[in-house]
2 protein chains.
Amino acid sequence: MRASREQVQENRRTILEAAGRLFRERGFEAVTVTDVMKSAGLTHGGFYGYFKNKDDLIAQALAELLGGSEPLSADLSTLAERYLSPAHRDNSACGCPVAALASETIRQPGGARAAMTAGLKRQLERLSEVSPGSDAEQKRRAAIGNWAAMVGALILARMTAGSELSDELLSETRAWLAAQDQREPKPKA
Amino acid sequence: MRASREQVQENRRTILEAAGRLFRERGFEAVTVTDVMKSAGLTHGGFYGYFKNKDDLIAQALAELLGGSEPLSADLSTLAERYLSPAHRDNSACGCPVAALASETIRQPGGARAAMTAGLKRQLERLSEVSPGSDAEQKRRAAIGNWAAMVGALILARMTAGSELSDELLSETRAWLAAQDQREPKPKA
DNA sequence: TTTGATACATGACGATGATCATGTATAATG
DNA sequence: CATTATACATGATCATCGTCATGTATCAAA
C-alpha cells in the first residue's frame, strides 16, 4: 500500500530515529538496513527510496542526533553528574552519541565525520559558556578538558561495566572534575 | 609444508602481533581472519589450529597488547605530551589499544572485556604513582581523571582529524591537564 | 472516475566472511 | 630409514548483508 504525503515525512523521521537508537546501542556495523527498517515498522525494500545507501543513513542519523542547538540548561557540575551516572552508562541507546559512536565514526567516510565534527564544535561552544575561567580562552580550554574527560570516562565505564571499577570511574571522575572547577585557575606565566 | 616447533611459537607471536596492529588500525569487525593470517605471512586455513575462533583471537590479541607491567618511565606531563601528540593521533596501528578499541570492546564477549578491564586496572595503578596528590586517594583520583581526559581527547582528535579543531583538542587538553596538575589540591571540605 | 505516479513489499543477486573438510609435505620419533 | 603426527594450504560450505528488480496497491491529479 502506498502512504500519504504526511506518512512519508513521518516514516522518514521514524527511520532516522530507529537508526539513531540502534546505532548507539550496537554500533554502525552490527546494525543492518533490515534491522533499522523493521524497527521503524517497515521492510527493507523501501529503504533506498529514502537514502542513497547505508553510509548516507549513518551520516543523516548522526546529523539528526547532533542537530540540536539549544543552550545548556544547567551548570557544569550538574551536567557532569547526569552524564557520568550509572543510568547513562547503562542506556547508550538513548544517551550521548559522541560517547557511543565517536570511535566508529573515525573509520567512516566523510559525511559521518563531518556531522560529528560540526556537532562537537557546537557542543564545545555551549560548554564554554558554563565553564569556569577568567577569559574566553580559559573557558574554552576548560570546556575542552571537561568534555574530553567526560567522554573518556563514560567510554571506560561502559567498557568495564559489571566490575566495581566501572562505578569508581564514574564517581571519581565526577569528583575530580568538581574539584578542578572549584579551584582558581593559575594566572598566566 | 610443516613448520618446526620453534616456527610454530614464532608464528603464533606473528599472528598476534599482526592482529594487534590491524585491530587498532581498522577495528575488530573490519578485520577478517584472512587479513590477519595474510599479514602474518600465512593463509586462512591454519588459523583454527591456533585459535578457537575470531573472538578468541580478539581476546588474546588484547591480552598481548595490554600485557606489559613495566612502571611508567616519565612524569605525567611528559606522558600526556606524548599521548596527545599528532603523531600518536595519526598512527593508531602502533598506538594505545584503549583509545583505539575501548568502544568496540564494549560490545565484545567476556574475554575481550576482561582483558581490557585488567589492563585498565594496571594502567591506573601505574598512573597513580606519578600523579599529584597528598594521599593515595587523591593520587588515584587524579590518575583516573587524567587518564579519562587523555583517552577522550585522543578519540575526539582522531574523530575530527583533518580539521583545525583536531589539533586544538590535543594542545588544549595538554595545557588543561598541565594546569590542573600544577595547582594545589583543595583540602577536603 | 480514470489515469498516472510512487511508496513500499517481496524476492533475488552477488559479495563477503567465518568456519570446516581434506590433502600433503615435512618435522618428530623410533 | 620408516612411520606417524601435524602445520598449514586449498577449497568448499553456509550464513549474512547491501543493493537492486519487480510487482502492486493506493494516493494524487485530471
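Only a predicted model underlies this, so the values are computations on that prediction, with no experimental measurement involved. Lettering follows sequence order; numbering is per chain, from 1.
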Task: side-chain contact (heavy atoms from CB on, under 4.5 Å) evaluation trace for B:F47 with B:T34 - done: CA-CA 9 Å; B:F47 177 80; B:T34 303; over 6 Å; no
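For the pair B:D35 CG and C:dT16 C1', the computed distance is 11 Å after rounding to whole Å. Regarding B:R26, its CZ atom lies at a distance of 10 Å from the P atom of C:dG17, rounded to whole Å. Atom P of nucleotide D:dT6 and atom CD of B:Q7 are separated by 18 Å, given to the nearest angstrom. In this structure, B:K38 atom NZ and D:dC8 atom C1' are separated by 16 Å, rounded to whole Å. Whole-Å rounding puts the B:H44 NE2 to C:dT22 P distance at 15 Å. Rounded to whole angstrom, the span from the CE atom of A:M37 across to the P atom of D:dC17 amounts to 16 Å. The distance from atom CG of A:L22 to atom P of D:dC17 is 13 Å, rounded to the nearest whole Å. Remark: P of C:dA7 and CD of A:Q9 are 10 Å apart, rounded to the nearest angstrom.
Other residues, nucleotides and ligands place more than 12 heavy atoms under 6.0 Å from the CZ atom of A:R122.
A donor-acceptor pair is defined here as one N or O able to donate and one able to accept, closer than 3.5 Å; no such pair exists between the side chain of B:S128 and the backbone of B:A143. Although no hydrogens or angles enter the test, the distance criterion places no donor-acceptor pair under 3.5 Å between the side chain of B:S166 and the main chain of B:S163.
A:T43 comes within 4.0 angstrom of a base, heavy atoms only. Nucleic acid contact class of B:V36 (heavy atoms, under 4.0 Å, all strands): none.
One finds a salt bridge joining A:E81 and A:R174 here, because a Lys/Arg side-chain nitrogen approaches an Asp/Glu carboxylate oxygen to under 4.0 Å. Using a 4.0 Å cut-off between charged side-chain N and carboxylate O, A:E104 and B:R107 make a salt bridge.
Near DNA chain C, meaning a heavy atom under 4.0 Å from it, residues 45-65 of chain A has A:G45, A:Y50 in order of number.
Taking the side chain of A:V33 as heavy atoms from C-beta on, and the options D:dG18, C:dC20, C:dG17, the nearest nucleotide is D:dG18. For B:L42, the listed nucleotide lying nearest its side chain is D:dA9; candidates were D:dA9, C:dG17, C:dC20.
Among residues two or more places apart in sequence or in another chain, the salt bridge (Lys or Arg N to Asp or Glu O under 4.0 Å) test is passed with B:D167 by B:R89.
When the side-chain nitrogen and oxygen atoms of A:N11 are compared with OP1 and OP2 of C:dA7, none of them lie within a distance under 4.0 Å.
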